[in-house]
Number of protein chains: 2
Amino acid sequence: MSIEEKQKPQRNDRVTIRTVAKHAGVSVAAVSKVMRNAYGVSEALRARVTEAIEALGYRPSRAARGLRGRSFTIGVLLIDIRNPFLPEVIAGVNGVLAPSHYQAMIGVSDARVQLETSLIESMIDYKMDGLILVAPRLPSEIIAKFAAQIPIVAVGYHDAGATAFDTVNADDQRGAEIAVEALLACGYRDIEMLSLGEREGHQVSVVRQREIGFRRAMQRAGFGSSAPITKIPIAPPKREETMRKFLSRKNRPRAVFCWSDLDAITLLSLAMEMGVRVPEDLAVIGYDNSSTAALGLVNLASIDQSGRELGQVATRTLISRIEGRIGAEHIFQIPSLVSRNSLTLSNAPVT
Amino acid sequence: MSIEEKQKPQRNDRVTIRTVAKHAGVSVAAVSKVMRNAYGVSEALRARVTEAIEALGYRPSRAARGLRGRSFTIGVLLIDIRNPFLPEVIAGVNGVLAPSHYQAMIGVSDARVQLETSLIESMIDYKMDGLILVAPRLPSEIIAKFAAQIPIVAVGYHDAGATAFDTVNADDQRGAEIAVEALLACGYRDIEMLSLGEREGHQVSVVRQREIGFRRAMQRAGFGSSAPITKIPIAPPKREETMRKFLSRKNRPRAVFCWSDLDAITLLSLAMEMGVRVPEDLAVIGYDNSSTAALGLVNLASIDQSGRELGQVATRTLISRIEGRIGAEHIFQIPSLVSRNSLTLSNAPVT
DNA sequence: CGTTATATGGAGAACGTTCTACATTATCGA
DNA sequence: TCGATAATGTAGAACGTTCTCCATATAACG
């Protein structure tokens, strides 16, 4: 009635926690407590608030949440979106997250360290609750520095010595050994590995681990400690060229282990073009067991490391860390062999 | 010296806008202005602030930004991460965004409407500046409802009548026509289309558009208005089964147009297994010109719609809308034919 | 009954920005 | 020299949560 009939403009129609509180006839704090199901809430209160939330269709603002507390979002950083192995990891992450109140937001770094850094920083600035880095390029110390600000799990990053963050990996050394053992079991002796170009990937990358496994298995089989490895550049023009050179080499090996299906499949294609028969002239085994490898047209034997499972495990590990675990965990999974025609025509189970 | 020697705990080492302001000896508002390069900043001030930002390594909190104003983030919603066409779109988006101060955050809906909705809501709740929806499943009215809250550009969603949001598409009708014309030019007359199962995709989806284009081109060529279309279910067990049935049909057509490379490639694989020669017994043309199609091993003719370009255009359109444009834009791109061996062995340029 | 423990709800200060409204100073005609 | 206009900088109120204290009510215990 008095002059202060302000009647706040209220032109903003957004339903906030205050609207809910008013509607339920309780305090803002009470609503917040119910949302986070924190301690000190009676059944009656919870019911009233829940009903109000329902009735108003209230959704908490993630931005505001992030400013003060948790945002219930976890960030996933992908090095590359083209490699068909990575989507599998995402599927695993989403699968675990679906029933929870967490959500995944994905950033793609396109293998550029610059972008990778700024994406991680952004995710921290969003106050995300945790990060899953898939095959990051950053050196361990940098990741550790970030890990001081946000829980981090690295996937496909072999650094079992890390204390600041967790790692989840397929045992890439073992995977390479399994590949070599499969080739040996088929009777091949003259074996070479096709790996990734020098400049790509550091010591902790999966590629280097597979090289180590390859060399160890070869040595164990009595071929000395420096079994031959050919490096394939990643850039398109040089890439095919190097493969063609490999295929037309006089002393081309009888069997080849490729660090990834992506390369193995291109190799298969070039081999066909150049009249090199697989597996009669050259046996090929890849890595990742991608869906393309399974195509009848391709029929590429491969090491399966279940990206989906990796994603699931990484997510669970991250959540446990978010919820308070301290002390780093380093988890390994054992990959398995999927035998197909590129290994041997009989395609009989190996080993 | 007095009792109020509070000396604020200051255990928080985060560099905020306040830290910068203090360091530069200016107000908080001044720093904010420089950050957003708003009106009313002298060169001297800008220099001082910029220097302080540099020196302190200051990064604005995205969470706080989102709470008050713009967050300089745009959300991208992918229906599926497995389809190799979609990563191309992302690449396009990232390419345009890289030099700007915007960043992309990606959500994957796995083709589930439920998840798609909640992901969009999350992005709104994050106060993202705009959304790019790639091949969304949601009906137009729902998208329009969301568009009232945030600028939206839909890619791969044919709704030129939408007034609330923009659309960016390849002309899928025209693409299908081009495919049919290519098959006709090779002399094939008995042509069928392999499309996506009934339940997937609404009228505005790319699939249905391609069906329309297919039928129109066939009609134009004098084959009546109801050229045959076989629907392939999306789920793995039924999917292959239906394709096998198609391949072993008595009245199998001489040529087939597949709505996507993904299906076309599986078809190629099954054909090989079943001894159906391509293109001698069956010519195949796909859609998307995915990298797999280009493999020598696969050699699938395909319609190229440049996902990268789609992503670029969508991003530019979104930004222009964020920056104030009103009134919907509906952009079309013309796809092109990439001829390969699955079309004809001679592989001569068609038309 | 008095005392202490426990459960429940609320007040209100953060969190780190943006942005409106205002204060001050410089510039410019006339 | 005076006013008007433009340019530059600042104070301080949002924004929508979370979360630490507090206040009260109830239960438990001797």
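Per chain, numbering begins at 1; letters A, B, ... match sequence-line order.
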Notebook entry, point to check: Between atom CG in N37(B) and atom P in dT8(D), what is the gap in whole Å?
Noted result: 14 Å
Checklist line | Main-chain N/O of F332(A) paired with N169(A) side-chain donor or acceptor, under 3.5 Å | finding: no
Margin query: Is there a side-chain contact between S61(A) and the phosphate of dG16(D), meaning an N or O under 4.0 Å from OP1 or OP2?
Written below: no
Check: Can you check whether T167(B) reaches V204(B) side chain to side chain, under 4.5 Å on heavy atoms?
Finding: no
Notebook entry, point to check: To the side chain of R65(A), which of dT17(D), dT17(C), dT8(C) is closest?
Noted result: dT17(D)
Item checked: Under-4.0 Å side-chain N/O to phosphate OP1/OP2 contact, S42(A) with dG9(C) -> yes
Next item on the list: Send over the distance from R59(B) CZ to dT17(C) C1', rounded to a whole Å.
Entry: 15 Å
Note to self: Ring-plane angle category for H101(B) and F72(B), please: parallel below 30°, perpendicular beyond 60°, tilted otherwise.
What the structure shows: tilted
Check: Tell me: OH of Y126(A) to P of dT17(D), nearest whole Å?
Finding: 17 Å
Item checked: Flag, side chain of Y157(B) to backbone of L138(B), donor-acceptor distance under 3.5 Å -> yes
Next item on the list: Take the protein atom CE of M35(A) and the nucleotide atom C1' of dC19(D), then report the distance between them rounded to whole Å.
Entry: 15 Å
Next item on the list: Inspect the contact between E116(B) and R137(B) and indicate whether a charged nitrogen and a carboxylate oxygen are less than 4.0 angstrom apart.
Entry: no
Item checked: Shortest side-chain distance from L67(A), nucleotide among dC15(D), dC15(C), dT17(C) -> dC15(C)
Check: 5'-most contact on DNA chain D: A64(B) or S27(B), nearest heavy atom basis?
Finding: S27(B)
Checklist line | Between P of dG12(D) and CZ of R18(B), the distance in whole Å | finding: 12 Å
Checklist line | Rounded distance (Å) that lies between atom P of dG16(D) and atom CG of L56(A) | finding: 15 Å
Check: With distance as the sole test, does D110(A) use its side chain to make a donor-acceptor pair with the main-chain N or O of R112(A) at under 3.5 Å?
Finding: no
Item checked: Rounded distance in Å - CD1 (I53(B)) to C1' (dG16(C)) -> 14 Å
Notebook entry, point to check: Between E43(B) (CD) and dA7(D) (C1'), how many Å, whole number?
Noted result: 14 Å
Notebook entry, point to check: Nearest nucleotide by nearest heavy atom, which residue falls closer to the 5' end of DNA chain C, V31(B) or K127(A)?
Noted result: K127(A)
Next item on the list: Consider the side chain of Y39(A), meaning its heavy atoms from C-beta on, and name the nucleotide among dT17(C), dA7(D), dT8(C) that approaches it most closely.
Entry: dT8(C)
Next item on the list: Could you go through the side-chain hydrogen bond (donor to acceptor under 3.5 Å, both in side chains) check for Q103(A) and S122(B) one step at a time?
Entry: CA-CA 9 Å; Q103(A) 238 169 29; S122(B) 275; 2.3 Å; yes
Which atom pairs link the protein and nucleotides 19-22 of chain C when you take only N or O atoms and keep those under 3.5 Å?
| unit_1 | atom_1 | unit_2 | atom_2 | d |
| --- | --- | --- | --- | --- |
| dC19(C) | OP2 | R36(B) | NH1 | 2.7 |

Item checked: N or O in side chain of T16(B) less than 4.0 angstrom from dG16(C) OP1/OP2 -> no
Check: What is the nucleic acid contact for Y58(A), judged by heavy atoms within less than 4.0 Å: base, sugar-phosphate only, or nothing?
Finding: sugar-phosphate
Next item on the list: Identify whether any heavy atom of R46(B) sits under 4.0 Å from a base atom; if not, whether one sits that close to sugar-phosphate; answer base, sugar-phosphate or nothing.
Entry: nothing
Notebook entry, point to check: Just by distance, do the side chain of D166(A) and the backbone of E329(A) share a donor-acceptor pair under 3.5 Å?
Noted result: yes
Check: Between dA11(D), dT17(D), dA7(C), which one does the side chain of I17(A) approach most closely?
Finding: dT17(D)
